[in-house]
Every structure is written in C-alpha cells, then in structure tokens.
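Below is one structure, written out as structure tokens, with a few remarks after it.
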Amino acid sequence: MTRSRALPQQRPGSTRTLLSEADGGLVRRTVLPGGLRVITESLPTVRSASIGIWAGIGSRDESIAQAGCSHYLEHLLFKGTARRDAFSITAAIDAVGGEINAFTTKEYTCFYARVLDSDVALAMDVLSDMVTSSLVNPTDVDSERSVILDEIAMHEDDPSDAVHEALARGMYGDGPLGRPILGTVASIQRLSRRTIWSYFRRHYQPDNLVIAAAGNVQHAAVVRMVKRAFKPLLVGDGEPRLPRRAGRSAYRTGSLELVTRPIEQANMVLGMPALSRTDDRRFALGVLNNALGGGMSSRLFQEIREKRGLAYSVYSYSSLYAGSGLFGVYAGCLPAKAPEVLALTRVELQKVVDHGLTDDEVTRGKGQMRGSIVLNLEDTGSRMTRLGKAELVHGVLLGVDEVIARIDAVNPDDVRSVAREVLSATPTLAVIGPFDNADRLAAAVA
C-alpha cells in the first residue's frame with residue numbers, strides 16, 4: 001500500500017522523489033531560489049502532457065475593495081505580454097493542437113495547457129510569459145471589464161448556478177467565503193488598473209507559485225525550462241508559502257436567502273456547515289455524499305424523483321475549504337411542489353441522522369468514490385491538478401493506493417458519525433424562483 005507523503009521542507013536547489021513508478025507514476029519535486037516549486041509526474045506511456053502554473057490566491061484573499069480581482073487577473077493575463085499580444089498567446093497553442101485556459105476558485109488560481117509531449121517547452125514558455133510578464137494595460141482593463149460584466153450577467157441568468165452563490169451568501173454573509181468569485185457589478189465597475197496591478201505584483205511571487213506537470217515529461221527537463229522562464233525572479237532564500245491554515249469561519253444557520261424571479265422553476269439549496277478540507281473524516285463525508293445524493297441510485301434521487309416525480313434534478317455536494325466547509329442539497333422543481341420537496345428532503349436527512357446509511361448504501365457510496373477518483377486519473381490534466389492542489393491546499397500528496405485504502409476503511413459507523421454532525425445542523429436555505437411570500441418555504445429551516 002502506498003503511504004501518503006507529506007510534502008517535504010526543502011532547501012532551494014534541492015530535488016526529492018515523492019512517489020515512485022511503482023505508485024503509478026514517478027513524482028519528483030524541486031524547490032528553486034525564491035521558493036518557486038516544480039512538481040512533476042512522469043507517465044512515459046502517454047504522448048501528451050499537462051502543465052499548470054498555480055497561484056495560491058483566490059477570491060477568499062480579497063478585501064471588499066478588491067472583490068473580483070483574482071478572476072479579473074485570470075482574464076487579463078491572456079491579454080498580452082511584452083513578447084506576445086492576446087492573439088499570439090492562444091494562436092501559439094492552437095497551432096500545435098493544444099488547449100490553454102485558466103480557472104479561479106475561492107482559494108487558488110490556475111493557468112494551464114495540454115499539449116503533445118513534443119510541445120511542452122512551447123506551453124511552458126507561453127504560460128510563464130503570461131504569469132511573469134503580463135502588461136495589464138489600462139485599455140485591456142477597460143475592455144475586459146465589459147466581458148466580465150457579461151459573464152456575471154450570464155451567471156445570474158442561470159438560476160441553477162446562481163442559487164449556490166445565494167447559499168454561500170446566506171451561510172457566510174459578507175465574509176470572504178460568502179462573496180462571489182466573479183465579484184459583483186459594483187465591485188467590477190470600480191476596480192482600477194492600479195488596484196489590479198498591485199494585487200498581481202503582490203501575490204504572483206515565486207514563493208506563492210507552483211509549476212505542476214504530468215504526462216510524458218522528464219523532471220530535469222521541466223526544471224530547466226522553469227529556470228529559463230523565471231530566471232529574473234529566482235533570487236533570495238525565500239521558502240515556499242505553507243498551505244493555508246485558516247481558522248474556522250463563522251456560519252449563519254437558519255436563514256433564508258430568497259431571490260424572487262419570474263421563472264418557471266424553483267431552484268433551492270439546503271446548506272449546512274461541514275468539514276474542512278484537511279479533516280480526515282472527509283472520506284466518510286464523501287461516501288455519505290455519494291450515497292445520499294451523488295447519483296441516480298442515491299437515496300434523494302430515488303425518493304424525490306423516481307418514486308414521487310417531484311423534481312427533475314436533485315443532488316447533494318460538499319465544498320471543503322481551509323478551516324471551513326459546507327454540505328448542500330440542491331433540488332429544481334415546479335414552484336408549487338417546492339414546499340413538499342423541501343419537507344421530504346428534511347425527512348430523508350433526519351433518517352440518515354437517526355439511523356445512518358444501510359450497508360448496501362455505504363458499499364455503493366465507496367464504490368462510486370473509488371471509481372470516480374481512479375477514472376479521473378486516467379487523464380494527464382487530472383494528474384497535474386492533483387499535484388498542484390497537493391502543493392497549494394493539502395500539504396500532503398496521497399498515492400492512489402492510499403486514497404483507495406482510506407475510502408475502503410470507511411465503515412457505516414464513520415458515516416453515521418459524520419452524518420450526525422453535519423446533517424443535524426439547522427440548515428440555511430437559498431431559493432431562486434417566482435415566490436413573493438417565503439412563509440411556506442421558511443418552514444424548511446425552522
């Protein structure tokens with residue numbers, strides 16, 4: 001069985017092997033001057049590679065005056081550098097049949113590319129140029145402002161998406177985890193080039209960056225590419241920033257976030273405080289989530305959709321952060337059925353609190369969790385993401401066998417214990433739909 005490997009404290013210039021080929025792929029880690037980390041997984045049987053530059057910065061790190069800054073930068077770093085304009089950045093990757101993109105979360109940002117193994121040097125050059133030498137021109141800031149405002153509008157036009165933002169607002173208030181990653185119309189309109197540039201220069205520093213690569217790559221070759229690309233920044237004896245260890249965030253429970261819209265469906269999420277991402281019980285929570293609302297055989301899907309036909313979509317999910325987390329149950333149904341769906345959901349949650357899951361449900365939940373993890377790792381992009389998140393958020397790299405072993409070790413008592421802690425909390429309810437009066441809905445959070 002592969003053991004979990006706590007990421008080592010390394011001196012700049014040192015390289016260590018974290019996982020061997022027997023673990024599925026050779027994983028090596030180098031720390032460069034200034035604290036810049038390079039971590040790779042060599043998979044010589046594939047012909048592609050995925051490269052990501054990860055920054056330990058997300059919307060959770062923004063002040064109210066900076067709201068939306070992390071995501072704004074995600075856009076702006078594609079707009080041009082001293083060597084490339086916006087067209088040249090994307091055309092360089094398109095010309096070799098690759099793909100390039102980025103995403104921003106509440107706790108980190110990633111710029112990534114997937115290319116043939118023969119084009120790794122090109123992808124590294126383009127990505128590093130974006131992260132180290134973007135101009136963030138005032139004209140680009142102004143033009144991209146409209147694009148982001150359109151993105152916010154598009155997001156708000158999809159109530160099945162926007163209701164999750166309403167839940168975060170209801171549970172975390174105006175704290176960092178309660179604010180939307182995209183920012184708001186007001187915050188985006190007031191962000192200046194000076195604020196964005198200052199944010200960029202402060203947070204995109206070597207000690208807060210990780211270069212992760214997975215696929216048919218050689219670690220030494222990737223390190224040489226990174227040294228070339230980041231040479232001006234590789235100075236000093238700075239050490240990598242440690243993974244975020246935030247204190248437990250304050251929750252608000254029992255509230256109702258109602259957004260009235262003249263639409264044909266009620267979109268609802270019941271949310272409860274859950275575990276942090278480093279809690280060892282997260283594997284039991286994953287099993288609970290899969291069995292309760294993670295698929296077509298899950299309890300909520302069977303009870304609410306299959307047996308009663310009350311909702312088209314119903315599922316559960318968990319969002320785990322540093323020092324915090326939430327567990328949610330979403331349902332989309334006709335407005336007239338909303339009170340019944342909410343009441344039935346509360347009944348099913350209480351059943352799990354009182355009696356736990358059946359052995360068959362636990363077995364299915366574990367099997368679904370195992371299969372999802374292993375199948376995802378058939379892709380170099382998923383393996384690269386595993387490396388980047390291990391560095392930035394977990395501080396430990398789990399081998400695949402270790403992950404499976406931890407899932408297999410979950411028993412019904414573990415699931416029951418987590419269910420009692422998470423599902424017995426008074427929930428917060430977020431609703432988007434054609435409701436003028438929330439009285440009947442509010443009973444769900446009483």
Side-chain angles (χ1 to χ4, degrees), residues 59-60 64 106-107 159-181 246-260 266-279 281-282 284-286 288-289 292-294 299-300 304 314-333 338-357 415-433 435 437-446:
S59 62
R60 185 176 187 175
I64 293 177
K106 291 182 184 289
E107 297 187 322
S160 65
D161 191 11
V163 71
H164 297 288
E165 294 288 1
L167 176 66
R169 184 171 62 247
M171 291 188 68
Y172 294 107
D174 198 34
L177 289 175
R179 298 195 291 267
I181 294 171
R248 190 166 180 83
S249 298
Y251 296 99
R252 299 190 309 183
T253 58
S255 65
L256 170 63
E257 289 286 321
L258 174 63
V259 180
T260 300
N267 296 267
M268 309 175 293
V269 185
L270 279 170
M272 292 137 282
L275 311 178
S276 73
R277 63 171 178 239
T278 56
D279 195 313
R281 298 172 298 165
R282 65 188 183 276
L285 181 64
L288 171 65
N289 177 52
L292 184 61
R299 183 179 294 200
L300 288 173
I304 293 175
V314 56
Y315 61 85
S316 63
Y317 66 96
S318 60
S319 298
L320 310 185
Y321 309 110
S324 181
L326 66 84
F327 186 88
V329 177
Y330 168 86
C333 64
E340 184 179 2
V341 169
L342 288 172
L344 183 58
T345 299
R346 290 299 304 275
V347 168
E348 292 303 322
L349 296 183
Q350 191 60 46
K351 286 181 181 178
V352 177
V353 170
D354 293 339
H355 308 293
L357 299 174
V415 177
R416 184 178 298 110
S417 175
V418 168
R420 284 174 177 165
E421 177 175 337
V422 174
L423 302 184
S424 62
T426 302
T428 293
L429 173 63
V431 180
I432 298 180
F435 302 104
N437 189 315
D439 289 347
R440 294 183 65 199
L441 300 176
V445 295

Between Ala274 and Val422 the two heavy atoms that sit nearest each other are CA-CG2, 4.2 Å
**Message:** Can a donor-acceptor pair be found, under 3.5 Å and without considering hydrogens, that links the side chain of Arg169 to the backbone of His164?
**Reply:** no
- Full working for side-chain contact (heavy atoms from CB on, under 4.5 Å) between Thr253 and Met272: CA-CA 7 Å; Thr253 58; Met272 292 137 282; over 6 Å; no
ask   = Does some side-chain heavy atom of Arg416 sit less than 4.5 Å from a side-chain heavy atom of Leu357?
value = no
Would you say that Val431 contacts Val163 through its side chain, given a criterion of any heavy-atom pair below 4.5 Å between the two side chains? no
- Query: Heavy-atom distance under 4.5 Å between the side chains of Asp174 and Arg179, does that happen here?
  - Reply: yes
Note, Cys333 side chain near Glu340 side chain (heavy atom, < 4.5 Å):
no
Separation between CG (Leu270) and OG1 (Thr426), nearest 0.5 Å, reads 11.5 Å
I'd like to know if the side chain of Ser324 pairs up with that of Tyr251 as donor and acceptor (distance under 3.5 Å, no hydrogens or angles considered). yes
- Give a yes or no answer on whether the side chain of Arg252 reaches the backbone of Tyr172 with a donor-acceptor pair at less than 3.5 Å. no
Task: Any donor-acceptor N/O pair, Ser316 side chain to Asn289 backbone, under 3.5 Å - done: yes
**OP:** Measure the shortest side-chain to side-chain distance between Tyr321 and Ser276 over non-hydrogen atoms and say whether it is less than 4.5 angstrom.
**Re:** no
Review point. Any sub-3.5 Å donor-acceptor pair from Arg299's side-chain atoms to Leu292's backbone N or O?
Key: no
Asn267 side chain to Gly332 backbone, donor-acceptor under 3.5 Å: no
| query | Just by modelled atom types, is the Arg60 backbone N or O under 3.5 Å from a matching donor or acceptor in the Lys106 side chain? | reply | no
Is there side-chain contact between Met171 and Leu167, with at least one heavy-atom pair below 4.5 Å?
-> yes
Heavy atoms of Leu275 and Arg282 approach each other most closely as CD1-N, 3.9 Å
Nearest heavy-atom approach of Ala284 to Val415 is O-CG2, 4.1 Å
Ser255 side chain to Thr428 backbone, donor-acceptor under 3.5 Å: no
Only one of Asp354, Leu349, Val418, Val329 passes side chain to side chain contact (heavy atoms under 4.5 Å, CB included) with Leu423, and that residue is Leu349
Between Val269 and Gly328, the two heavy atoms sitting closest are CG1-CA, 4.3 Å
Backbone N/O of Ala343 and side chain of Arg346: donor-acceptor pair under 3.5 Å: no
| said: I'd like to know if the side chain of Glu107 reaches the main chain of Ala322, judged simply by a donor and an acceptor atom lying under 3.5 Å from each other, with no hydrogens or angles considered. | reply: yes
Hey, does Phe327 have a side-chain heavy atom less than 4.5 Å from the side chain of Ser319?
no
Value for CG (Leu285) from OG (Ser417), rounded to nearest 0.5 Å, stands at 11.5 Å
So CD1 of Ile432 and CD of Glu165: to nearest 0.5 Å the spacing works out to 9.5 Å
Any side-chain heavy atom of Ile304 sitting closer than 4.5 Å to one from Glu348? no
